[in-house]
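First the structure, in the form of structure tokens, and then the observations on it.
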Amino acid sequence: MKKNLLDILACPMCKKHPLELIEIKTKNDEVVEGVIYCTSCESHYLIIEEIPVMLPDELRDKKQEDEFLKRNRDSLPEKIIKQGKPWHL
Ligand SMILES: [Zn+2]
């Protein structure tokens with residue numbers, strides 16, 4: 001995901017803009033892995049293999065997200081690991 005995509009993304013749950021970007025792995029100006037965080041409703045959205053997964057809660061893949069959070073536990077802030085919505089560890 002190009003970092004400047006953040007300029008146009010809004011939260012699918014509450015429509016807030018702008019959103020906070022937490023980078024885990026980057027390549028030039030692309031975020032390869034990371035998390036997009038909404039400071040308004042505290043939802044977070046994963047960036048996996050450069051693709052931001054901006055889906056409402058009912059369409060999310062809990063198993064995939066659990067694995068992502070476990071794998072990146074040390075790279076993510078506590079607000080996502082321990083208090084993130086809709087899921088946390
Ligand atoms: Zn939100």
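Just so you know, ligand 1 is whichever comes first in the structure, and atom 1 is the first atom listed for that ligand.
- Checked against M1 for a side chain to side chain contact (heavy atoms under 4.5 Å, CB included), the options I36, T26, D29, V32 give a single hit: I36.
- You'll find the side chain of H44 reaches within 4.5 Å of the side chain of L46, heavy atoms only.
- Each protein N, O or S atom less than 2.8 Å from the Zn ion (ligand 1) was counted, giving 4.
- Within 6.0 Å of NZ in K3 there are more than 12 heavy atoms belonging to other residues, nucleotides or ligands.
- When side chains are defined from C-beta on, F68 counts as touching I48, because their heavy atoms get closer than 4.5 Å.
- Counting only heavy atoms from C-beta outward, the side chains of I81 and H88 never approach each other to under 4.5 Å.
- Two residues are said to be in side-chain contact when any heavy atoms from C-beta on lie closer than 4.5 Å; I80 and Y37 meet this criterion.
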